[in-house]
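So you know, we letter chains A, B, ... as the sequences are listed, proteins then strands, and number each from 1.
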2 protein chains.
Amino acid sequence: MTKYINQNPVLVAVDCIIFGYDGEHLKLLVIKRAIEPVKDQWSLMGGFIGTNEDLDGAAKRILLELTGLHDVYLEQLQAYGQPDRDPIERTISVVYFALIDINKYSKQINDQYHAEWFELKKVPELIFDHSIMVKAAMDKIRYQAALHPILFELLPKKFTIPQLQNLYEQVYDSPIDNRNFIRKITASGLLIKQTEKDKSSSRRGAFYFKLDKLKHKAQFQSFLSFISKPK
Amino acid sequence: MTKYINQNPVLVAVDCIIFGYDGEHLKLLVIKRAIEPVKDQWSLMGGFIGTNEDLDGAAKRILLELTGLHDVYLEQLQAYGQPDRDPIERTISVVYFALIDINKYSKQINDQYHAEWFELKKVPELIFDHSIMVKAAMDKIRYQAALHPILFELLPKKFTIPQLQNLYEQVYDSPIDNRNFIRKITASGLLIKQTEKDKSSSRRGAFYFKLDKLKHKAQFQSFLSFISKPK
DNA sequence: GCAAAAGTGTTAGACGTACACCCATGC
DNA sequence: GCATGGGTGTACGTCTAACACTTTTGC
């Protein structure tokens, strides 16, 4: 059959907003753009969609290429299509965000991109509309994390409750009462207490926990409330 | 500057999922596809993106073309990019959903599409992946409406609380206790009571209300809970 | 023993849910 | 006067937010 007539094909790119958490700060992984225009400026990791690839597949490929990681939390954020967002050629960008365990990331995997982690508040100016995308991603993560247990994706397999609390505090940029937090999070039933303690951040030590993956999966779709309502 | 080399441009379409509410049922507006392939089959209203148009702009144009309406609630749902979703040519679809006041829609505006409203449960099979899109849109609307007052967009300027309640019942496909509903909705402060009553559905009559648009706008971003949590 | 972080306990009020009852009106 | 939907009232349990205190341990 003949193709659609009189239509203008455009390029479609997939960009990935990659978040990590080092135990102290929420961080963003960005690269130095390898091609013109704006070569060597900070940019999200992205690429054009392949001929036989769907959007999710392209996002996974791009993420794998930069980080070497499979099976990470990946969610489509939004498509961006300002006609002039890329000065060279009309390009629609479908943006994904990923939450990864930063400890699994190794700089050695693929150094050709000169990737670097920045604390969220210290991310440099990014090319095109990438900074806007990051802002939108943060909004969405705050929204999602208030209702669903997604922030566990940023933590290592074993983590402590104070670590988890600090992560929530980073994400919402506001202090949380630790007594209420502990109660809420243990009441959720999502955590399995380990016998070992993490002694690195206090004399007393904090118990490690693992995520109960079955319960996590089961509860994921239910509307939970992990943070208090903004005032 | 030269263009990006070795990349395959593809077509980008915008499809609109248009919801309306006639006082009894939640309905979907679909058209008979005018072009091959699958000509004359039921389809979402859509179109290819214009050269100097952004995605939101394209969605607005498409909506205007079919319904004659400006200024309607329109939200980007998701991008769909299965390589074979359109059998003729690789086409990425960026999908929007719209909530309109069905009374403002007039069949006369543009009859060339043979548009028709279907009750949500009676929507025929749609072309390509359009049925999947509609399902995703309903999920998102349920999600959004549980937290934000978006369903007002489906109602006329003046409406009664029983009407509003029925709308929520349609959207969540489950009965709501009218006494609790009334209290919750009036406590939100979003409604302004009118002096007239609607006598069409009961002897006693139900007071009309208007939406307090200022409060609506102010509260829109706060996480409200309009329905009870699913069990 | 002291500092510092981890963790348990308590309480008052807000909120959600369930349910009973009265109101207004046309027939 | 009675059927029908519209609307108010109440009571109880659960969740949340605010705040005080004890525990553990290295120095």
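Salt-bridge check for B:D40 with B:R33: failed, with every basic side-chain N at 4.0 Å or more from each acidic carboxylate O.
One donor-acceptor pair, N or O on each side, does fall under 3.5 Å between the base of D:dT10 and the side chain of B:R183. Side-chain atoms of A:R179 come within donor-acceptor range of the base of D:dA20, with a qualifying N/O pair under 3.5 Å.
With sequence neighbours left out, the side-chain contact (heavy atoms from CB on, under 4.5 Å) criterion links B:D56 to B:D54, B:Y96.
Atom CG in B:N180 sits roughly 14 Å away from atom P in D:dG9 (whole-Å rounding). Taking atom CG on A:N166 and atom P on C:dA5, their separation rounds to 12 Å, with Å as the unit. When rounded to the nearest whole Å, the span between CG of A:D177 and C1' of C:dT10 equals 13 Å. Separating the CG atom of A:D198 from the P atom of C:dA6 is a distance of 9 Å, rounded to the nearest angstrom. Atom-to-atom, NZ of B:K197 to P of C:dG26 comes out at 10 Å; the value is rounded to the nearest Å. Between the NZ atom of A:K199 and the P atom of D:dT23 there is a distance of 17 Å, given to the nearest Å. Taking atom CZ on A:F181 and atom P on D:dT16, their separation rounds to 13 Å, with Å as the unit. In this structure, B:L191 atom CG and D:dG7 atom C1' are separated by 14 Å, rounded to whole Å.
Considering only the side chain of B:K184, C:dG16 comes nearest among D:dC19, C:dA18, C:dG16.
Ring-centre distance between B:F159 and B:F152: below the 6.0 Å cut-off.
Seen from the ring of A:Y208, A:K158 counts as a face-on cation partner, given the 6.0 Å and 45° thresholds. B:K193 forms no cation-pi arrangement with B:F209, by the criterion of a distance under 6.0 Å to the ring centre and an angle within 45° of the ring axis.
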Write out a two-atom table: protein N or O, nucleotide N or O from nucleotides 2-6 of chain D, distance below 3.5 Å.
| residue | atom | partner | partner atom | Å |
| --- | --- | --- | --- | --- |
| D:dG5 | N2 | B:R204 | NH1 | 3.4 |
| D:dG6 | N2 | B:R204 | NH1 | 2.7 |
| D:dG6 | N3 | B:R204 | NH1 | 2.2 |

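Remark: the A:Y21 side chain and the A:N166 side chain contain an N/O donor-acceptor pair separated by less than 3.5 Å.
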N/O donor to acceptor pairs below 3.5 angstrom from side-chain atoms of residues 111-119 of chain A, sequence neighbours left out:
| residue | atom | partner | partner atom | Å |
| --- | --- | --- | --- | --- |
| A:Q112 | NE2 | A:N110 | OD1 | 3.3 |
| A:Y113 | OH | A:E65 | OE2 | 2.5 |

